[in-house]
Novice: 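Mind having a look at this structure? Questions to follow.
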Amino acid sequence: MGFLDDAKETAGAAAKKVGRAVEDGVDRAKDALDEAQAEAKVKQAEAERDATKARNEAKEELRDD
């Protein structure tokens with residue numbers, strides 16, 4: 001029975017290790033997705049800022065004329 005118990009323990013340890021590796025992979029994927037979404041929000045905010053600045057400059061030029 002000692003051999004079977006050792007095999008069970010080894011299989012259980014391997015399963016836990018694989019499970020942790022999968023969880024780590026999922027966490028990394030979620031982190032990468034969160035980072036990409038944050039970058040997209042930053043780019044959108046920068047584009048809105050630039051558009052607002054350009055619009056305000058155009059309005060200011062019309063006021064000066």
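Please read all numbers here as calculations on a predicted model, not as lab measurements.
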Novice: Can you list the steps and then say if Arg49 with Glu46 is a salt bridge (Lys or Arg N to Asp or Glu O under 4.0 Å)?
Specialist: CA-CA 5 Å; Arg49 179 201 60 206; Glu46 288 174 344; 5.1 Å; no
Novice: Pair up each side-chain donor or acceptor in residues 18-41 with any protein partner under 3.5 Å, not counting sequence neighbours, and list the distances.
Specialist:
{"residue": "Arg20", "atom": "NE", "partner": "Lys16", "partner atom": "O", "Å": "3.3"}

Novice: Who else is in the cluster with Val42 when I, L, V, M, F, W and Y are joined by side-chain contacts under 4.5 Å?
Specialist: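 None; Val42 is a cluster of one.
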